[in-house]
Amino acid sequence: MISSFANPQKFMAISAWLMPAFAALAVVLFAIGVSLGLWFSPADYQQGESVRIMYVHVPAAWWSMAIYAMLALASFVFLVWRHTLADVAARAAAPIGAAYAGLCLVTGSLWGRPTWGTWWEWDARLTSMLVLFLTFLGYIALRAALDDEDKASRLGAILALAGAINLPVVHFSVEWWSTLHQPSSIIREGGSSIHPSMMAPLFTMAGAYAAAFAVLLLAGMRAEIYRRRATAAARKRARGT
Amino acid sequence: MGLNLGVDKEAEHFAPVRLSVEAVTLERGGHVLFERLSFSAAGGDFVELRGPNGAGKTSLLRAIAGFLKLTTGAITFEGVEDAQLALHLLGHRDGLKAALNVEAHARYWASLLGEGADAGAALDRVGLARIADLPARILSQGQSRRLALTRLVTAPRPVWLLDEPAAGLDTQGKDLLDALIAEHRARGGLVIAGLHERLTEEATMTVTL
Amino acid sequence: MGLNLGVDKEAEHFAPVRLSVEAVTLERGGHVLFERLSFSAAGGDFVELRGPNGAGKTSLLRAIAGFLKLTTGAITFEGVEDAQLALHLLGHRDGLKAALNVEAHARYWASLLGEGADAGAALDRVGLARIADLPARILSQGQSRRLALTRLVTAPRPVWLLDEPAAGLDTQGKDLLDALIAEHRARGGLVIAGLHERLTEEATMTVTL
Amino acid sequence: MSPLSVIFGRELALAWKAGPAAPVGFFLGAAVLLPLAMGTDRALLEAAGPPLVWVAAALAALMTLERLFQADLEDGSLDQLFLADESVELIVAAKGAALWVAVGLPLALAGAPVAIALQTPIEGIPAVVAGLALGMAAFIGAGLVAAAVTASVKRAGVLIALIVLPFFAPPVVFGAAATGHFGAPFLLLTGCALGAVSVGPILAAAALRLQAE
Amino acid sequence: MSPLSVIFGRELALAWKAGPAAPVGFFLGAAVLLPLAMGTDRALLEAAGPPLVWVAAALAALMTLERLFQADLEDGSLDQLFLADESVELIVAAKGAALWVAVGLPLALAGAPVAIALQTPIEGIPAVVAGLALGMAAFIGAGLVAAAVTASVKRAGVLIALIVLPFFAPPVVFGAAATGHFGAPFLLLTGCALGAVSVGPILAAAALRLQAE
Ligand code: HEM
Ligand SMILES: Nc1ncnc2c1ncn2[C@@H]1O[C@H](COP(=O)(O)OP(=O)(O)OP(=O)(O)O)[C@@H](O)[C@H]1O
Ligand SMILES: Nc1ncnc2c1ncn2[C@@H]1O[C@H](COP(=O)(O)OP(=O)(O)OP(=O)(O)O)[C@@H](O)[C@H]1O
Ligand SMILES: [Mg+2]
Ligand SMILES: [Mg+2]
């Protein structure tokens, strides 16, 4: 699969029909997930209706982490095997990952308002999510600052790998840190005890997020490939060669 | 290099200008570069500064441009009110911003130093039109030098102070430089250049440091 | 420039070295500089690279030095195990630290690139002994270039890649350069230089890009 | 176009190329370090947060300043500024203004989420953003001078920091005190900003003239 | 002399020329500025002091990074490093080590008076200094990578900051927690330092190879 993806022409061909498929899937899953989440699942006994934010919030959290893992993997593949597509994928994945992380942060703090009475709590998960968000930003900013395509790809990949080493350490250190000073009087996140009736909508939404990511990724990759072809052509014309 | 491009069209004659360097002594870091140097030149002249490395050519040019204080002596311009608005200084460094492209530089100088030939025509003149959208970062040595030369073309100023203008230029580039100098003198412009090699254009005066 | 200084004393002959450039194509930023370029040279040769600004001389030299990846083709050295330890690269930029003085540079290169003539002798050779304690910041263009030349003197390496080595040098400096190249070839060294002007030293081969 | 607007636009472009999102990200990052360092005790955060936010802002200003004139000096483009038909003071001011737009404003806006994260009540946010915007003006005004006098010093980053710290103290103090409400400290902060913005370019220009030698 | 020791010495000289006292001064300045802005509530200071010291240290490290490789790239001396008979990884490590000696150590020592000023009991001082020394090593290790990947970006200051801050988080967490005693956090801090110092140069060297193109 990967190997057949490796060549752009094939990729363009495959993605051309993969994309609408995922798009359809995303629409369906979102429809189901949202309706389940809004109408066919109970309000939380202590968090009330606001618990429904969870269906937006949690999948965003999960997938933003998964996306960084993918970004790091793609970067590794690109550095080792020089698959341009891996680089294209990494480049396209970053903004989506940042968006998911941002969504998690925003919905989280929206959620925090009713449940904790504050917009933000320095809780381990929140903090490491924030760091993840920053890591995405750094990667994007670096690539934006390097106008030499080739360098941007390879230096970006190196940074992505460094981040992959760093994030687990951050996660651990932050967990350790939060146990060090237990956040003051707040309702802890209901992580452990999710009522089964919340599972269905949660996982449907998770699926929807995944499909949405796939669509956005493929679209981003295709756009990037077109852009590269265009610039190459433009350069040739400009140089009159 | 066709000389029928952009520039000449508005090549009206400069008001007569005259530079006099009187008994100038220049010290740098407590060490005397040259003493009681005197010469004077007028529009149309081409003064070449010669001397070994470290003789003080760059220093003298920067002094004439008003960047270096004289130890003793005086440098005066006649025919221009503010000297720094009447001169071009082409130094060892080209003054390029790696991140900005060729055209951006030409346009920037045109508005900063005085509107003359428009940027496009100027780039055409120095032979960079084809790569107008390349960032300066990736320009070759000679391309950068040519870009610096566009300053002379875009902003018409009577006095040119050129510090080893030919450095890094290929033969065609050197021809361009000669042509520019010739035109400038024809317009009543004054050229003072620190040089190590010879240009085809004959100097009217040689100052040796 | 007396050639009886420092260097020659330990001027033992280099082991025979051979460079072959085979069907090399070089692209930069998606634009082809030159295609299927081939030539080969051996110790004692002086190859001059010629071509207009932007032709790819600097790029080729950096490719030979192993800094630039080739698009296609191969560049191989015979007679040396690690090419990057057997060559000198004298680029457009001199590689000086403004804050450090002249002598510090010479000593640094001597230990970094390989002990040869001692720093003092080398500075003497390039005519900077008098200003050994000036910080690089205040050096004139040509003085900086001469300082860069000391690399060639302090560290004996068989392959010299020179990018417009004469830029900024006065006549005496150009003579020095000629002498250094002549000596190097006499010792069985290989010289490849990107040039715009002619040196007195005759090239054994001219590669035009 | 007038030289000033051209210089302004150019500086904006240069700052933009150096990583558009960066200032904001840096600011957020610096704000994260504090709770990580001292835990989440509300009282502590509320007390230590604003000052740190302000120091972070000051640093962001600093880091954009270091190369501001040094780069111009090294690449030779400083000379050209003196040959332009425009007073050097105004040119310096234009560069400062561009910096404020490229870094100061985004950073002030980023102050909103940071303030929230550091438990500032919502109604206090406008004052925080306005305060930071003013503060950045003060920092840049003072920073211009430091950047100009150190333009010929390599690796001047920390040196600049050292030089400007005394000048940054007042805005930081007033700014931190002003956090969350438009009161007396806010007026004092405004005073600092006006002073720095009016005096800074003049001194900076004087210093630059010497650098051009 | 071996290339490494020469490079080390040279970097030391360069850092020294760029204003020896600067980092310490900056650090002290920041450490003064923060309480100044916090108001003088004794209890608050005692609690907030150590963390602020750590944040100040992290930021001081940050300021030294921008020009580390960028200067070498611009003046052409980077090329020469690749022509030396020494692995690039080690050369980068040598530069990092020099930076640590020139900035990290003095800063760690400066930590002592600051800690005292912030009411840390005398017997806790050695741990503070040792902790800061380790922390600076961790900061520099991570910083090398950020400096290398941004070497070709002009005005990269803020960009670098954004890139390294996530890497600074763990050392800051453990460092601040370790303040004043050699305990578990101190070990974890040591771990961070070792990790950064061992991995940093490798990634940085890989990045530099690309920059030399
Ligand atoms: C800015 C605020 C917040 C952020 C950044 C945030 C972040 C996260 C993250 C990263 C996860 C995924 C954890 C994992 O799967 O390992 C998560 C899950 C979750 N969050 Fe939040 N959160 C925030 C606020 C809240 C609030 C206010 C609540 C409700 C009281 C909440 C409830 C949950 C629940 C129930 C889960 C799923 C259970 C689990 O995966 O363990 N979060 N959040
Ligand atoms: N800022 C300075 N302080 C002290 N001495 C300086 C300074 N700048 C230059 N010098 C010295 O002044 C002398 C003349 O320098 P200048 O650049 O004018 O020479 P030049 O004639 O241009 O040489 P070249 O032909 O190599 O360009 C040199 O010896 C140089 O070391
Ligand atoms: N990093 C880069 N990316 C893309 N193109 C580049 C890059 N570096 C150089 N170029 C282009 O490659 C071409 C060759 O550059 P190079 O410096 O090799 O020319 P040169 O023969 O040395 O010219 P000169 O005689 O002016 O020194 C130029 O057109 C330049 O714009
Ligand atoms: Mg000169
Ligand atoms: Mg070249």
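Note on naming: letters A, B, ... go to the chains in the order of the sequence lines (proteins, then strands), and numbering restarts at 1 for each one.
With respect to chain D, the highest number of heavy-atom pairs below 4.5 Å among B:Leu68, B:Asp82, B:Leu85 belongs to B:Leu85. Listed options B:Arg157, B:His88, B:Lys97, B:Arg62 were ranked by heavy-atom pairs under 4.5 angstrom with chain D; first place goes to B:Lys97.
Nearest heavy atoms, B:Ser111 versus D:Pro3: O-CG, 3.8 Å. Across every non-hydrogen atom of B:Gln84 and D:Phe82, the tightest pair is OE1-O, 3.4 Å.
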Margin query: Is there a side-chain contact (heavy atoms from CB on, under 4.5 Å) between B:Arg107 and D:Arg10? Walk through the geometry before answering.
Written below: CA-CA 11 Å; B:Arg107 273 197 271 90; D:Arg10 187 181 203 223; over 6 Å; no
Check: Can B:Trp109 and D:Val6 be said to form a side-chain contact (heavy atoms from CB on, under 4.5 Å), step by step?
Finding: CA-CA 9 Å; B:Trp109 287 324; D:Val6 176; over 6 Å; no
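Counting heavy atoms of neighbouring residues, nucleotides and ligands inside a 6.0 Å radius, atom CZ of B:Phe67 exceeds 12 of them.
If you measure heavy-atom distances from B:Leu89 to chain D, the contacts under 4.5 Å come from both the backbone and the side chain. In this structure, chain B has a heavy atom under 4.5 Å from the backbone of D:Glu74, while its side chain stays farther away. Interface remark: B:Arg28 contributes side-chain atoms only to the contact with chain D (heavy atom separation under 4.5 Å).
From B:Leu112, atom CG reaches atom CD1 of D:Ile7 across 5.0 Å, with rounding to the nearest 0.5 Å. For the atom pair CG (B:Leu161) and CG (D:Asp79), the distance works out to 11.0 Å, reported to the nearest 0.5 Å. Within the model, atoms CD of D:Gln80 and CG of B:Leu90 stand 8.5 Å from one another, a figure rounded to the nearest 0.5 Å.
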